[in-house]
Amino acid sequence: MTAPTSSERKACWAARDQLWKCLDDNDDKAACCKNLQSEFEAKCPAQWVKYFIKRRDFLKYKEKMQTEGFTPAEGPKHPQIYDQCEK
C-alpha cells in the first residue's frame, strides 16, 4: 500500500470530520449517518478507519471521565469467609 497523497489525506480527514459532526449532532446514532460512514470508509485507508474509530471512542471516554469523573465499580458482595472460621 502506498501512502495517501496530500489531497487524499485531506479528503479522508474531511470525511471523518463530517461523520463525527453528524454523530455528535445525532447522539451517536450511526443509523442517521450511514451515507457519511460509507463516504468515510471509501475515502480513507482501512487501517485509518480503524484508528479513527478507536480514537473517537477514546476521546468520548476521556470527555466523560473529565465531566462526570470516575466512579469505581463495587466489588462482589460476598460474606466475609474469615468471620465463619472457628478459632
Side-chain angles (χ1 to χ4, degrees):
M1 179 180 110
T2 60
T5 65
S6 176
S7 62
E8 290 170 334
R9 289 191 304 270
K10 287 177 184 177
C12 172
W13 296 330
R16 176 206 57 195
D17 293 345
Q18 289 175 342
L19 173 61
W20 285 13
K21 182 174 181 347
C22 179
L23 290 170
D24 288 342
D25 293 345
N26 292 289
D27 296 322
D28 286 328
K29 294 178 186 161
C32 298
C33 307
K34 283 183 183 179
N35 292 341
L36 293 173
Q37 178 73 33
S38 297
E39 184 178 335
F40 168 61
E41 291 173 1
K43 290 186 176 182
C44 296
Q47 192 64 31
W48 288 26
V49 170
K50 284 197 280 186
Y51 169 79
F52 286 137
I53 290 170
K54 288 179 183 179
R55 178 79 177 148
R56 179 175 166 77
D57 290 344
F58 170 74
L59 292 173
K60 288 292 191 179
Y61 174 78
K62 182 179 172 183
E63 179 182 345
K64 182 179 177 183
M65 289 297 108
Q66 289 175 339
T67 57
E68 297 176 20
F70 174 73
T71 305
E74 293 183 24
K77 307 250 185 216
H78 295 291
Q80 292 293 329
I81 58 172
Y82 302 110
D83 292 344
Q84 298 172 4
C85 297
E86 294 182 23
K87 294 184 181 182

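Owing to the predicted nature of the structure, the values given are computational and were not obtained by experimental measurement. Sequence positions, counted from 1, serve as the residue numbers for this chain.
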For [X], enumerate each residue passing the side-chain contact (heavy atoms from CB on, under 4.5 Å) test, keeping only those at least two apart in sequence or located in another chain.
X	value
K60	D24, D28, R56, E63
S6	R9, K10
C22	N26, C33, L36
K62	F58, Q66

TODO: Write out all pairs satisfying salt bridge (Lys or Arg N to Asp or Glu O under 4.0 Å) with one or both partners inside residues 29-53, taking only residues at least two apart or from two chains.
DONE: E39-K43
Open item on the list: Once salt bridge (Lys or Arg N to Asp or Glu O under 4.0 Å) is applied, do any residues pair with K21, and if so which ones, sequence neighbours excluded?
Closed with: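 Salt bridge (Lys or Arg N to Asp or Glu O under 4.0 Å) list for K21, sorted by chain: D25.
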Open item on the list: Once rounded to the nearest 0.5 Å, what's the spacing between atom CZ of F52 and atom CG of D57?
Closed with: 13.5 Å
- [ ] Classify the angle between the aromatic ring planes of W48 and W13 as parallel (below 30°), tilted (30 to 60°) or perpendicular (above 60°).
- [x] parallel
Open item on the list: Are Y61 and M65 packed together at the side-chain level, in the sense that at least one heavy-atom pair is separated by less than 4.5 angstrom?
Closed with: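 Sidechains of M65 and Y61: in contact.
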